[in-house]
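Note that the structure is a prediction, hence the values are computed from the model and not measured. In this chain, residues are counted from 1 in sequence order.
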Amino acid sequence: QVQLIESGGGLVQAGGSLRLSCAASGRTFAMGWFRQAPGKEREFVAAISISGSTIDYVDSVKGRFAISRDNAKNTVYLEMNSLKPEDTAVYYCAASFFSGVRTATGYRYWGQGTQVTVSS
(Lines give C-alpha, C1' and ligand atoms only; values in the text may rest on other atoms or scores of the structure.)
Protein backbone atom coordinates (compact mmCIF):
# COMPACT_ATOMS: atom_id res chain seq x y z
CA GLN A 1 0.00 0.00 0.00
CA VAL A 2 1.07 3.62 -0.44
CA GLN A 3 3.25 5.04 2.32
CA LEU A 4 4.75 8.52 2.61
CA ILE A 5 7.44 9.08 5.23
CA GLU A 6 8.76 12.57 5.96
CA SER A 7 12.11 13.33 7.54
CA GLY A 8 14.49 16.25 8.03
CA GLY A 9 12.55 18.42 10.44
CA GLY A 10 14.13 19.97 13.48
CA LEU A 11 15.01 23.15 15.32
CA VAL A 12 16.72 25.97 13.46
CA GLN A 13 17.37 29.65 14.11
CA ALA A 14 15.73 32.36 12.02
CA GLY A 15 17.61 32.79 8.75
CA GLY A 16 18.74 29.18 8.72
CA SER A 17 17.92 26.31 6.38
CA LEU A 18 16.46 22.82 6.46
CA ARG A 19 15.77 20.21 3.82
CA LEU A 20 12.75 17.97 4.22
CA SER A 21 12.49 14.62 2.47
CA CYS A 22 9.45 12.50 1.66
CA ALA A 23 10.10 8.89 0.71
CA ALA A 24 7.16 7.31 -1.10
CA SER A 25 6.19 3.74 -1.87
CA GLY A 26 3.92 2.47 -4.61
CA ARG A 27 3.10 4.26 -7.85
CA THR A 28 4.29 7.69 -8.87
CA PHE A 29 2.05 10.63 -7.95
CA ALA A 30 1.96 14.37 -8.23
CA MET A 31 3.16 15.57 -4.82
CA GLY A 32 2.59 18.46 -2.48
CA TRP A 33 3.82 19.88 0.80
CA PHE A 34 1.47 21.31 3.41
CA ARG A 35 2.04 22.72 6.87
CA GLN A 36 -0.07 23.19 9.98
CA ALA A 37 0.75 25.40 12.95
CA PRO A 38 -1.04 24.99 16.32
CA GLY A 39 -4.51 26.48 16.19
CA LYS A 40 -4.37 27.10 12.44
CA GLU A 41 -5.73 25.33 9.39
CA ARG A 42 -3.55 23.18 7.20
CA GLU A 43 -1.88 25.39 4.59
CA PHE A 44 -0.65 24.61 1.09
CA VAL A 45 3.08 25.22 0.68
CA ALA A 46 4.27 23.75 -2.63
CA ALA A 47 3.37 21.24 -5.33
CA ILE A 48 5.21 19.40 -8.09
CA SER A 49 3.97 17.32 -11.01
CA ILE A 50 5.14 13.78 -11.75
CA SER A 51 7.75 14.96 -14.25
CA GLY A 52 8.73 18.02 -12.24
CA SER A 53 7.76 20.33 -15.10
CA THR A 54 4.99 22.04 -13.15
CA ILE A 55 5.85 23.65 -9.80
CA ASP A 56 3.74 25.89 -7.60
CA TYR A 57 4.33 27.73 -4.31
CA VAL A 58 2.28 29.72 -1.89
CA ASP A 59 3.31 33.39 -2.09
CA SER A 60 4.77 33.49 1.42
CA VAL A 61 7.55 31.00 0.56
CA LYS A 62 8.41 32.05 -2.99
CA GLY A 63 12.10 32.74 -3.34
CA ARG A 64 12.87 30.94 -0.07
CA PHE A 65 11.62 27.36 -0.55
CA ALA A 66 12.28 24.96 -3.42
CA ILE A 67 10.40 21.74 -4.14
CA SER A 68 12.10 19.03 -6.19
CA ARG A 69 11.90 15.30 -6.79
CA ASP A 70 14.10 12.35 -7.65
CA ASN A 71 11.88 9.78 -9.31
CA ALA A 72 14.63 7.14 -9.32
CA LYS A 73 14.42 7.25 -5.52
CA ASN A 74 10.68 8.02 -5.45
CA THR A 75 11.50 10.89 -3.11
CA VAL A 76 10.30 14.50 -2.95
CA TYR A 77 12.24 17.28 -1.24
CA LEU A 78 11.48 20.68 0.20
CA GLU A 79 14.53 22.91 0.55
CA MET A 80 13.76 25.69 3.01
CA ASN A 81 16.01 28.74 3.24
CA SER A 82 15.85 32.06 5.08
CA LEU A 83 13.49 30.48 7.58
CA LYS A 84 11.26 32.69 9.69
CA PRO A 85 9.53 31.99 13.02
CA GLU A 86 6.20 32.03 11.19
CA ASP A 87 7.37 28.99 9.21
CA THR A 88 7.12 26.94 12.41
CA ALA A 89 4.65 24.10 11.83
CA VAL A 90 4.26 20.40 11.27
CA TYR A 91 5.07 19.79 7.61
CA TYR A 92 3.27 17.06 5.68
CA CYS A 93 3.89 15.59 2.26
CA ALA A 94 0.93 14.34 0.28
CA ALA A 95 0.21 12.49 -2.96
CA SER A 96 -2.41 13.38 -5.55
CA PHE A 97 -3.68 11.86 -8.78
CA PHE A 98 -3.80 15.37 -10.24
CA SER A 99 -1.16 18.04 -10.81
CA GLY A 100 -1.25 21.59 -9.47
CA VAL A 101 -3.65 20.97 -6.60
CA ARG A 102 -3.59 23.54 -3.79
CA THR A 103 -6.32 22.14 -1.54
CA ALA A 104 -5.81 19.42 1.06
CA THR A 105 -8.94 17.64 -0.13
CA GLY A 106 -7.27 17.08 -3.50
CA TYR A 107 -4.64 14.77 -2.03
CA ARG A 108 -5.28 11.08 -1.56
CA TYR A 109 -2.38 9.97 0.68
CA TRP A 110 -0.55 11.72 3.51
CA GLY A 111 2.62 11.29 5.49
CA GLN A 112 2.78 11.42 9.28
CA GLY A 113 4.34 14.89 9.40
CA THR A 114 7.67 16.27 10.59
CA GLN A 115 8.08 19.16 13.02
CA VAL A 116 9.90 22.31 11.93
CA THR A 117 10.61 24.87 14.64
CA VAL A 118 12.24 28.21 13.83
CA SER A 119 13.48 30.24 16.79
CA SER A 120 13.86 34.02 16.77
Thr75 and Asp70: side chain donor to acceptor below 3.5 Å =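 No, Asp70 and Thr75 have no side-chain donor paired with an acceptor closer than 3.5 Å.
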Treating [X] as the side-chain partner and [Y] as the backbone partner, does any N or O pair qualify as donor plus acceptor under 3.5 Å?
X: Gln36; Y: Val90; value: no
X: Thr114; Y: Gly9; value: yes
X: Asn71; Y: Ile50; value: yes
X: Ser82; Y: Arg64; value: no
X: Asp56; Y: Ala47; value: no

message = Please report whether the ring centroid of Tyr107 lies less than 6.0 Å from that of Phe34.
response =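 They qualify: ring centres under 6.0 Å apart.
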ask   = Around Arg108, counting heavy atoms of other residues, nucleotides and ligands shown, do more than 12 lie under 6.0 Å from its CZ?
value =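 Counting neighbours around CZ of Arg108, 12 or fewer heavy atoms of other residues, nucleotides or ligands fall under 6.0 Å, so no.
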query = Which class fits the ring pair Trp110 and Tyr92: parallel under 30°, tilted 30 to 60°, perpendicular over 60°?
reply =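 Trp110 vs Tyr92 ring planes: perpendicular.
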key: Single-linkage hydrophobic cluster Tyr77~Val58, side-chain heavy atoms < 4.5 angstrom   =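 Unlinked, Tyr77 and Val58 end up in two clusters.
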query = Hey, mind stepping through Asn81 and Phe65 against side-chain contact (heavy atoms from CB on, under 4.5 Å) and telling me if it holds?
reply = CA-CA 6 Å; Asn81 302 303; Phe65 291 11; 6.0 Å; no
key: Option among Asp87, Thr88, Thr117, Leu18 that satisfies the side chain to side chain contact (heavy atoms under 4.5 Å, CB included) test with Val12   =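 It is Leu18, the one option of Asp87, Thr88, Thr117, Leu18 that forms the side chain to side chain contact (heavy atoms under 4.5 Å, CB included) with Val12.
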